[in-house]
Student: 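Below you will find the structure I want to go over with you.
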Amino acid sequence: MSEAAWERPVLVLNAGSSSLKYQLVVPETGEVRSRGLVERIGETGSEVADHSVALQQVAERLRTEGIDLDAFSLRAVGHRVVHGGPDFSEPVVIDDEVLDRIRELSALAPLHNPAAAIGIEAARKRFAVPHVAVFDTAFFSSLPPEASTYAVPRDLAAKHAIRRYGFHGTSHQYVAQATADLLGRPVEDLRQVVLHLGNGCSASAVRGGRAVDTSMGLTPLEGLVMGTRSGDVDPGLHAYLGREAGLSLEEIDTLLNKQSGVLGLSGVNDFRELEHRLATGDPDARLAFDVVVHRLKHYVGAYLAILGGIDALVFTAGVGENSISVRAAVTDGLEGLGIEVDRARNAARSTQARVISPAGATVAVAVVPTNEELAIARQTAEIVR
Ligand code: ADP
């Protein structure tokens, strides 16, 4: 072996039902050797019949880039798994039993876990290295009972594993640590509110590096207003829509997950497009933006109260890292709480983690790029060491 173990990359896989995202990354340095996406898996007319074929394509693409995964160079494969249910509170090496359990958790994540299981199965056949599952829910397994419990009958909740699980955990955990690094303070000393604003959006309250509350719940539908998801609605809405609009539970689920949020309010789900329309004075875009921001403030205020004050307010993911107007609007009027952004700092474009609050502000407002693949690669390397 010519390469030292620490230089060997981890292959990070994120399998969706019809897609496979991959990244070949060296955990210690963050060096990305390759990345890409195979799409239209299993769709009619597609060359990619299933996830095994997709993996074969990944291996071939890498070979054309001069990387032979079948040589000794691969250290391990890290798999992103959306739902770890009540069982998994940290990454695990995948064996048959773990894979079965991930499959069984499909009831809790019908759109995500079956795909992850298929991806894992194919990858284990293809690559004879350790495979590790990293769960999107794991970071939130530390939520105190008062935050994770829904006020529904306890026996029913126990029978069906109903609780608030939270999602985007890998991102929230990574960003909370990266913020501490940015501020040059131990994560143990910080109370943070992290806003992960991408297509999916979630907020978390983090004390001393541990999550104490988060906006997503049993499913990734709860909480903030998202690209196509409503976030919080009156739980009575389901029964009302059933009675008044004649919709089935399935239809209501689709409505709230796929046709609501920014899309339902404005007709577009991409935030760049929303900002573009905002600039033309489109009233629907205006309302959508204001609803998004109002909900964000609602959660920032809630977590401020839960944490008893904060040291850092952090923006991450596509919208959080790039939208100057969202960051300005969310923090607008919070000066009395010690939260404000410096106009020029907020407007400066950068791909680096940065503080955007004025010098000497009580609360550090920061923009910290997330990197879920690197976080998965690091956790994978850690556990197979
Ligand atoms: P995902 O949740 O799929 O990982 P991302 O974190 O990539 O999503 O975020 C996607 C969102 O970020 C989209 O709504 C996109 O419009 C938004 N976004 C990306 N770049 C910008 C930008 N420069 N300004 C505003 N929004 C942006």
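Atom set for the values below is all heavy atoms of this structure, side chains included, hydrogens, waters and symmetry mates excluded. As the structure is a prediction and not an experimental result, all values here were calculated from the model.
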Student: Does a side chain donor of either Glu321 or Thr316 reach within less than 3.5 Å of an acceptor in the other side chain?
Tutor: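 Thr316 and Glu321 do have a side-chain donor-acceptor pair below 3.5 Å.
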
Student: Please find out if less than 6.0 Å separates the ring center of Phe315 from that of His196.
Tutor: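 No, ring centres 6.0 Å or more apart.
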
Student: Just verifying a value: how many Å separate Leu224 CG and Met216 CE, rounded to the nearest 0.5 Å?
Tutor: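 One gets 7.5 Å once the value is rounded to the nearest 0.5 Å.
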
Student: State yes or no: do Val206 and Tyr174 share one hydrophobic cluster built from I, L, V, M, F, W and Y residues joined by side-chain heavy-atom distances below 4.5 Å, directly or via other members?
Tutor: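 Linked, Val206 and Tyr174 end up in one cluster.
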
Student: Salt-bridged, Arg207 to Asp213, with N to O below 4.0 Å?
Tutor: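 No salt bridge links Arg207 with Asp213.
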
Student: State the CG-CD distance between Leu24 and Glu65, to the nearest 0.5 angstrom.
Tutor: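 Output value for this atom pair is 9.0 Å.
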
Student: Could you tell me whether the side chain of Arg80 and the main chain of Ile376 form a donor-acceptor pair under 3.5 Å?
Tutor: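 Side chain of Arg80 to backbone of Ile376, a donor-acceptor pair under 3.5 Å: no, none is there.
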
Student: Would Leu296 and Leu265 show up in the same hydrophobic cluster when neighbours are defined by side-chain heavy atoms closer than 4.5 Å?
Tutor: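 In one cluster with Leu296: Leu265, yes.
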
Student: Is the backbone N or O of His168 less than 3.5 Å from a side-chain atom of Asp136, with the two atoms forming a donor-acceptor pair by type?
Tutor: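 Yes; at least one donor-acceptor contact below 3.5 Å.
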
Student: We want to know whether Thr370 and Ser171 form a side-chain donor-acceptor pair, criterion being a heavy-atom distance below 3.5 angstrom.
Tutor: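 On atom types as modelled, these side chains qualify, holding a pair under 3.5 Å.
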
Student: Could you tell me whether Glu250 atom CD has more than 12 heavy atoms of other residues or ligands within 6.0 Å of it?
Tutor: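 For Glu250, atom CD is not crowded (no more than 12 foreign heavy atoms under 6.0 Å).
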
Student: Does the pair Arg378/Glu382 count as a salt bridge with the N-to-O cut at 4.0 Å?
Tutor: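 Glu382 and Arg378: not salt-bridged.
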
Student: Once you round to the nearest 0.5 Å, how far does CG of Leu55 lie from CZ of Arg126?
Tutor: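 Answer for the CG-CZ pair, Leu55 versus Arg126, is 7.5 Å.
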
Student: If we count only N and O atoms by modelled type, under 3.5 Å, do the side chains of Glu275 and Ser323 hold a donor and an acceptor together?
Tutor: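 Yes - a donor-acceptor pair under 3.5 Å links their side chains.
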
Student: Over all heavy atoms of both residues, which pair between Phe289 and Ala329 is shortest? Give the atoms and the distance, please.
Tutor: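 Scanning both residues completely, I find the closest heavy atoms to be CE2-CB, 3.9 Å.
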
Student: Is the closest side-chain donor-acceptor distance between Asn257 and Arg229 under 3.5 Å?
Tutor: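 There is no such pair between these side chains.
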
Student: Would you please name every residue forming a side chain to side chain donor-acceptor pair (under 3.5 Å) with Asp234, sequence neighbours left out?
Tutor: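 Side chain to side chain donor-acceptor pair (under 3.5 Å) list for Asp234, sorted by chain: empty.
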
Student: Got a salt bridge between Lys159 and Asp155, using NZ or NE/NH1/NH2 to carboxylate O under 4.0 Å?
Tutor: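 Salt bridge absent between Lys159 and Asp155.
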
Student: Any sub-3.5 Å donor-acceptor pair from Thr149's side-chain atoms to Pro145's backbone N or O?
Tutor: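 Yes; at least one donor-acceptor contact below 3.5 Å.
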
Student: Tell me, with the steps shown, if Glu121 and Arg103 meet salt bridge (Lys or Arg N to Asp or Glu O under 4.0 Å).
Tutor: CA-CA 11 Å; Glu121 219 179 340; Arg103 249 189 232 111; 3.4 Å; yes

Student: Which heavy atom of Ala203 sits nearest a heavy atom of Leu195, and at what distance?
Tutor: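 Smallest heavy-atom distance, with atoms named: CB-CD2, 3.6 Å.
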
Student: I'd like to know if the side chain of Arg63 and the backbone of Asp68 have a donor-acceptor N/O pair within less than 3.5 Å.
Tutor: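 Checked: no pair found.
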
Student: Show your reasoning for whether side chain to side chain contact (heavy atoms under 4.5 Å, CB included) applies to Ile356 and Asp342.
Tutor: CA-CA 6 Å; Ile356 57 169; Asp342 176 87; 6.0 Å; no

Student: Nearest heavy-atom pair of Ala359 and Arg345: which atoms, and what distance?
Tutor: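 Shortest heavy-atom contact: N-NH1, 3.9 Å.
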
Student: Just do the side chain to side chain contact (heavy atoms under 4.5 Å, CB included) check on Val26 and Arg33 with the steps written out, would you?
Tutor: CA-CA 8 Å; Val26 180; Arg33 299 253 173 104; 3.7 Å; yes

Student: Between the main-chain N or O of Glu251 and the side-chain N or O of Ser248, is there a donor-acceptor pair closer than 3.5 Å?
Tutor: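 Present.
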
Student: Would you give the length of the straight line joining atom CG of Leu62 to atom CG of Leu11, rounded to the nearest 0.5 angstrom?
Tutor: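 Rounded to the nearest 0.5 Å, the CG-CG separation comes out at 7.5 Å.
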
Student: Donor-acceptor pair, distance only, cut-off 3.5 Å: does the side chain of Arg191 make one with the backbone of Ala312?
Tutor: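 A pair under 3.5 Å: no.
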
Student: For Arg40, is there any backbone N or O sitting under 3.5 Å from a side-chain donor or acceptor partner on Ser18?
Tutor: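 No: the side chain of Ser18 does not pair with the backbone of Arg40.
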
Student: Side chain to side chain contact (heavy atoms under 4.5 Å, CB included) for Leu337 and Ile310? Distances and angles first, verdict last.
Tutor: CA-CA 9 Å; Leu337 299 167; Ile310 58 172; over 6 Å; no

Student: Any idea which heavy atoms bring Pro114 and Ala109 closest together, and the distance?
Tutor: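 So the minimum-distance heavy-atom pair works out to CD-O, 3.4 Å.
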
Student: So, Asp232 versus Tyr299: side-chain donor-acceptor pair below 3.5 Å or not?
Tutor: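 Result is yes, a qualifying pair exists.
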
Student: As an exercise, state the distance from NE2 of His51 to CG of Leu20, rounded to the nearest 0.5 Å.
Tutor: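 Interatomic distance, His51 NE2 to Leu20 CG, rounded to 0.5 Å: 6.0 Å.
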
Student: Over all heavy atoms of both residues, which pair between Leu307 and Ala205 is shortest? Give the atoms and the distance, please.
Tutor: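 Residues Leu307 and Ala205, closest heavy atoms: CD1-CB, 3.9 Å.
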
Student: So, Thr179 side chain and Val175 main chain: donor-acceptor pair closer than 3.5 Å or not?
Tutor: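 It does hold such a pair.
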
Student: One pair to check against side chain to side chain contact (heavy atoms under 4.5 Å, CB included): Thr380 and Val77. What are the steps and the verdict?
Tutor: CA-CA 7 Å; Thr380 299; Val77 181; over 6 Å; no

Student: Would you please say whether a donor-acceptor pair under 3.5 Å links the side chains of Ser202 and His172?
Tutor: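 Side-chain D/A pair, Ser202 to His172: present.
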
Student: Excluding sequence neighbours, so at least two apart, what forms side chain to side chain contact (heavy atoms under 4.5 Å, CB included) with Tyr240?
Tutor: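 Tyr240: side chain to side chain contact (heavy atoms under 4.5 Å, CB included) contacts with Arg243, Glu244.
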
Student: Would Arg163 and Glu146 count as a salt bridge (Lys or Arg N to Asp or Glu O under 4.0 Å) here? Give the steps.
Tutor: CA-CA 10 Å; Arg163 54 161 281 180; Glu146 65 272 20; over 6 Å; no

Student: Could you note down all residue pairs passing ring pair (Phe, Tyr, Trp, His ring centres under 6.0 Å) where residues 82-120 supplies at least one of them, sequence neighbours left out?
Tutor: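 Every pair satisfying ring pair (Phe, Tyr, Trp, His ring centres under 6.0 Å) with a residue in residues 82-120: His83-Tyr165, His83-Phe167, Phe88-Phe135.
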
Student: Which heavy atom of Phe139 sits nearest a heavy atom of Gly169, and at what distance?
Tutor: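 Scanning both residues completely, I find the closest heavy atoms to be CB-O, 3.5 Å.
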
Student: A quick test of your reading: do over 12 heavy atoms of other residues, nucleotides or ligands sit less than 6.0 Å from CD of Glu47?
Tutor: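 Counting neighbours around CD of Glu47, 12 or fewer heavy atoms of other residues, nucleotides or ligands fall under 6.0 Å, so no.
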
Student: Is there a donor-acceptor pair under 3.5 Å between the side chain of Arg343 and the backbone N or O of Ala328?
Tutor: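 Not a single qualifying donor-acceptor pair exists.
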
Student: Can you check whether Val365's main-chain N or O pairs, donor with acceptor, with Ser357's side chain at less than 3.5 Å?
Tutor: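 Yes.
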
Student: If I take atom CD from residue Gln23 and atom CD from residue Glu373, how far apart are they, to the nearest 0.5 angstrom?
Tutor: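 Rounded to the nearest 0.5 Å, the CD-CD separation comes to 4.5 Å.
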
